[in-house]
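Since the structure comes first, as structure tokens, the remarks are kept for the end.
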Amino acid sequence: MSSLSNEYAKAYYFLEADKANGLNLLDDSLTIFSDEIYKFFNHPEISIEDKKSILEKTFEKSTFRDFLYVLLDNFRFDLLKEIRDDYETLLLNDNKFTKVKVYS
């Protein structure tokens with residue numbers, strides 16, 4: 001967990017009214033963003049406007065889409081997977097849940 005990804009996770013956590021939906025959107029985005037698409041959004045020679053245009057066509061107007069725009073504007077889109085993990089940790093801690101693995 002990097003402190004930078006944690007700061008973005010906190011920001012998104014406090015902006016997103018529906019916390020569980022926020023986690024689902026992050027999960028879904030990681031499913032949508034295959035390695036090739038992830039490379040596209042992190043490619044330095046593709047304009048931010050072109051990247052935002054793709055996001056605008058993919059996601060409806062929401063806090064989540066605006067959050068993705070912020071990541072693009074700040075050249076932090078590569079932190080999306082870490083942010084998702086940090087966001088889940090915040091959600092679990094806030095609800096006093098612990099993630100466990102059960103072996104049988």
Side-chain angles (χ1 to χ4, degrees):
M1 170 188 325
S2 78
S3 62
L4 192 54
S5 66
N6 193 27
E7 291 303 313
Y8 279 98
K10 284 181 190 174
Y12 181 59
Y13 185 80
F14 290 112
L15 288 173
E16 181 58 54
D18 183 356
K19 306 295 186 221
N21 188 47
L23 181 61
N24 289 337
L25 286 168
L26 283 169
D27 282 340
D28 291 347
S29 73
L30 291 175
T31 302
I32 292 168
F33 295 127
S34 67
D35 287 339
E36 290 303 312
I37 294 173
Y38 213 67
K39 287 177 187 176
F40 169 83
F41 281 101
N42 286 300
H43 198 287
E45 293 180 17
I46 299 172
S47 74
I48 290 175
E49 291 76 25
D50 288 343
K51 294 172 186 177
K52 285 183 178 181
S53 175
I54 299 291
L55 291 175
E56 186 176 346
K57 293 173 186 169
T58 306
F59 298 101
E60 62 185 43
K61 182 158 178 50
S62 63
T63 302
F64 179 68
R65 188 175 77 185
D66 292 342
F67 180 73
L68 294 176
Y69 288 173
V70 169
L71 294 178
L72 286 173
D73 289 337
N74 293 297
F75 305 100
R76 301 293 188 214
F77 206 87
D78 61 317
L79 294 176
L80 190 58
K81 292 177 184 177
E82 289 178 55
I83 292 168
R84 186 255 174 250
D85 293 342
D86 291 344
Y87 184 88
E88 181 183 35
T89 299
L90 288 169
L91 187 61
L92 291 171
N93 289 342
D94 197 36
N95 290 301
K96 299 186 179 18
F97 288 115
T98 301
K99 198 175 198 179
V100 297
K101 283 187 180 183
V102 177
Y103 298 96
S104 63

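Owing to the predicted nature of the structure, the values given are computational and were not obtained by experimental measurement.
At a threshold of 4.5 Å between non-hydrogen side-chain atoms, the residues Asp66 and Lys61 count as touching.
The ring-ring contact (aromatic ring centres under 6.0 Å, His included) test with Tyr13 is passed by exactly one of Tyr87, Phe67, Tyr8: Tyr87.
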Evaluation steps, side-chain contact (heavy atoms from CB on, under 4.5 Å), between Leu71 and Leu68: CA-CA 5 Å; Leu71 294 178; Leu68 294 176; 4.3 Å; yes
CA sep, side-chain torsions, deciding dist, call: Leu80, Phe41, side-chain contact (heavy atoms from CB on, under 4.5 Å): CA-CA 11 Å; Leu80 190 58; Phe41 281 101; over 6 Å; no
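Taken to the nearest 0.5 Å, the NZ atom of Lys81 stands 13.5 Å off from the OG atom of Ser5. Rounded to the nearest 0.5 angstrom, Asp85 CG and Leu79 CG are separated by 11.5 Å. With values rounded to the nearest 0.5 angstrom, Phe77 atom CZ is found 15.0 Å from His43 atom NE2. The distance from the CD atom of Glu7 to the CD1 atom of Ile83 is 11.0 Å, given to the nearest 0.5 Å.
Closest non-hydrogen pair, Tyr69 versus Glu56, comes out as OH-CB, 3.6 Å. Between Asp86 and Ala9 the shortest heavy-atom distance is CB-CB, 3.5 Å. Looking at every heavy atom in both residues, Lys51 comes nearest to Ile46 through CE-O, 3.2 Å.
Proximity of a side-chain donor or acceptor of Lys52 to a complementary backbone N or O of Leu72 within less than 3.5 Å is not detected.
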